[in-house]
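The next block holds one structure in the form of structure tokens; read it before the comments.
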Amino acid sequence: ATPGLQALQATGGPTEDAVRDALEKVGPADVETRVDGDSLLFGAEVSGGCVYGSVDTSGTVSIDLGGVNADGGCIREP
């Protein structure tokens, strides 16, 4: 997932649709996204928990695994 997300910078930067598409290509089917300042946050449920992280306008990617949030979602606050 990380290389696909990093490649978004070469195509004009991360958009919510582009981040969802990049993650859905490698597995998660229901990707949540939200813009937070210069970053686009994402989260998706996977077997046993969540994959979550962010992509900023410079192309820096942060990605991690963890449990589901108390609200039932997967997006983590930065």
Side-chain angles (χ1 to χ4, degrees):
T2 302
L5 293 171
Q6 289 171 327
L8 297 178
Q9 187 60 28
T11 61
T15 65
E16 291 186 73
D17 287 338
V19 167
R20 278 192 291 272
D21 290 346
L23 289 170
E24 288 171 356
K25 285 180 183 177
V26 296
D30 188 18
V31 179
E32 304 170 70
T33 59
R34 184 177 75 234
V35 175
D36 183 60
D38 289 340
S39 295
L40 198 149
L41 307 178
F42 61 85
E45 194 167 336
V46 295
S47 180
C50 294
V51 60
Y52 59 89
S54 64
V55 183
D56 69 24
T57 54
S58 70
T60 301
V61 174
S62 167
I63 191 166
D64 209 344
L65 298 171
V68 177
N69 293 339
D71 67 3
C74 288
I75 292 181
R76 300 294 198 272
E77 295 300 320

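For reference, positions follow the sequence shown, starting with 1.
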Under the side-chain contact (heavy atoms from CB on, under 4.5 Å) criterion, do L5 and L23 qualify, and how do the steps go? CA-CA 8 Å; L5 293 171; L23 289 170; 4.2 Å; yes

Which heavy-atom pair separates [X] from [Y] by the least distance, and what is that distance?
X	Y	value
R34	E16	N-OE1, 4.0 Å
V31	R20	O-CD, 3.4 Å
E45	C74	N-SG, 3.6 Å

At what distance, to the nearest 0.5 angstrom, does CZ of F42 lie from OG of S62? 7.0 Å

In Å and rounded to the nearest 0.5 Å, what is the OG1 to CG distance from T57 to L40? 10.5 Å

Is there a continuous path of hydrophobic side-chain contacts, each under 4.5 Å between heavy atoms, that joins [X] to [Y]?
X	Y	value
V51	V61	yes
I63	Y52	no
I75	V46	no

A side-chain contact here means heavy atoms from C-beta on lying under 4.5 Å apart; do N69 and R76 qualify? yes

Counting only heavy atoms not in D21, do more than 12 fall under 6.0 Å of its CG? yes

Answer yes if the side chains of D56 and S58 hold a donor-acceptor pair under 3.5 Å, and no otherwise. yes

